[in-house]
Amino acid sequence: MKGWTIRQKMTFWYMLTIICLLCAFFALLYGTLTPAIVRGVQERIEQDAVSIGPSVADADGKLKMDDVVISVDTLYTVYTPDGVPAFANHELTWFTDTPFVENATHQVHASGQDWVLHDGAINRDGTLTAFVRTGAPLGSYANTASALLLIFLIAIPAGAAAALFIGRQIAKRSLQPIDEITRTAEEIRQGDLTRRISLPETQDEVGHLASAFNEMLDSLETAFTREKQFTSDASHELRTPLAVIIGAAQTSLGERTLPISEYKAALRTIYKRGVDMQTMLSQMLLLARGHEQTKLMEITTINMSDLVRDIAEEFIDMAAKKQIEIHLDIQEMVFIEGDLMLMTRAVMNLIDNGIKYGKQHGWLLIILRGPDGRAVLVVQDNGHGIRAQDIPHIFDRFYRGDASRSSAGNGLGLSLTERIIELHKGSISVQSNVDEGSIFRVELPLKEAD
Ligand code: ADP
């Protein structure tokens, strides 16, 4: 059976089951029907023996026989008490050699067939008057048995043929979705990751397999697209800093000897672009990781009140350069659960943007609250604001508003922030008006009290 297909195995087992069931059915039928027929014949001849009794009279020591009505098939002989046959509805010598067993029914084989005999005693006023032997051939029993055997011999091959046909159809129908899955897998192997198994949605095992397969393809396609996107973004975004680095290195390595200050300037450029590339790469890697990022997170209890305050302090110098005032309105003891490194990065991005895109002499308001099981962080500035058409895109990778192109950045900060908040099961939203400023609002689940 090793080389058999599932379809062949299913058909075989189906056929075998049907044949076994048919055999069991016939055995049961044979085992219960034939004894019932024999019992019926026995009861009939016993009843007939009883019916014959009253018709036999003893007249002065001689037996007399009135007319009697008994079953057509029953043969009988009436004997004198000495065992001499007196009357019979056929030859008198019928079964005379068979020993007489009083008031008993027994089976004998004679003249090539089975018989059932019943020997009854006829008593008158307490005296034995006669014996009556009734009997019938078991021909009908034998006929039924051989008919059953014949039916059995026809039914088995016919049943097997029907089972083979039906089994094949059932196997074909139930394995059809598997063929569809195989076909789809084949197409996917040839490079079409967008293909899905199109089967009617069923709740059976194959339906579950098909939907699990489609879900697996969804994740594969997402991962594959992300990978492709990452490679194309990386090569695109790294091209400019690499060109600058190569340019600076070429100038420094040229034949012409340069003043030392120019070498230093070239090295500074190379270093700065190198650091930019490093930051960008680590940000892109974080964004490119899908579900794996969840596994890499180091979850601890984070005191958001301390974290936001500490980060804000780190930005005081940067804000001072633009004469931006940072105002803090922080509720104490707001705790969340999360990855400290990632959360620090998200809060830093928001505050950094607030200052970077803030106006000279402006302000930045940072509010932290912990109402209704949520930690709410608001970072509001009165800076340049974001154009309405830019708002839907600012969380996209590498998106930078037109006005922002002159400032430092790579357009990855907000998409990274959004991803981090999402990894912490929170949400981020923005409200902004050009020349009035922007409000970024982050909501995170509070750490549940122990
Ligand atoms: P980057 O700051 O490196 O350009 P981000 O992803 O942090 O990248 O931001 C994307 C874009 O969203 C920015 O280029 C800018 O146009 C806009 N933006 C983000 N934060 C602010 C803000 N506080 N005020 C005005 N514009 C902002």
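Remember, it's 1-based here, ligands and their atoms both numbered in the order they're listed.
- Panel note: side chain Thr105, backbone His118; no donor-acceptor pair is recorded below 3.5 Å.
- Residue Gly385 approaches ligand 1 through these ligand atoms, each under 4.0 Å from one of its heavy atoms: 25 (C).
- Atoms of ligand 1 lying under 4.0 Å from any heavy atom of Ser438, numbered from 1 in the order shown and given with element: 22 (C), 24 (N), 25 (C).
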Show the numbers, then the answer: is there a salt bridge (charged side-chain N to carboxylate O under 4.0 Å, His left out) between Glu180 and Arg183? CA-CA 5 Å; Glu180 169 73 19; Arg183 252 196 315 278; 3.1 Å; yes

Check the pair Arg195 / Glu221 against salt bridge (charged side-chain N to carboxylate O under 4.0 Å, His left out), numbers first and verdict last. CA-CA 10 Å; Arg195 279 285 287 128; Glu221 195 188 355; over 6 Å; no

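- Counting heavy atoms under 4.0 Å from ligand 1, residue Tyr399 touches it through the backbone alone.
- Put simply, the side chain of Asp339 gets close to the backbone of Leu342: a donor and an acceptor are under 3.5 Å apart.
- Atom NZ in Lys425 sits 13.5 Å away from atom OG in Ser427 (nearest 0.5 Å).
- The closest approach between Gly411 and ligand 1 falls below 4.0 Å for a heavy atom of the residue.
- For Leu414, a nitrogen or oxygen atom sits less than 3.5 Å from a nitrogen or oxygen atom of ligand 1, counting backbone and side chain alike.
- Every heavy atom of Phe395 sits 4.0 Å or more from the atoms of ligand 1.
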Walk me through it: do Asp218 and Arg196 pass the test salt bridge (charged side-chain N to carboxylate O under 4.0 Å, His left out)? CA-CA 9 Å; Asp218 285 345; Arg196 293 292 178 273; 2.9 Å; yes

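- Under a 4.0 angstrom heavy-atom cut-off, Ile386 registers as being in contact with ligand 1.
- Using a 4.0 Å cut-off between heavy atoms, Lys356 contacts ligand 1 through its side chain alone, with no backbone atom that close.
- No side-chain donor from either of Asp48 and Thr134 sits under 3.5 Å from a side-chain acceptor of the other.
- Taking distance alone, with nitrogen or oxygen atoms compared against 3.5 Å, Asp381 approaches ligand 1 more closely than that limit.
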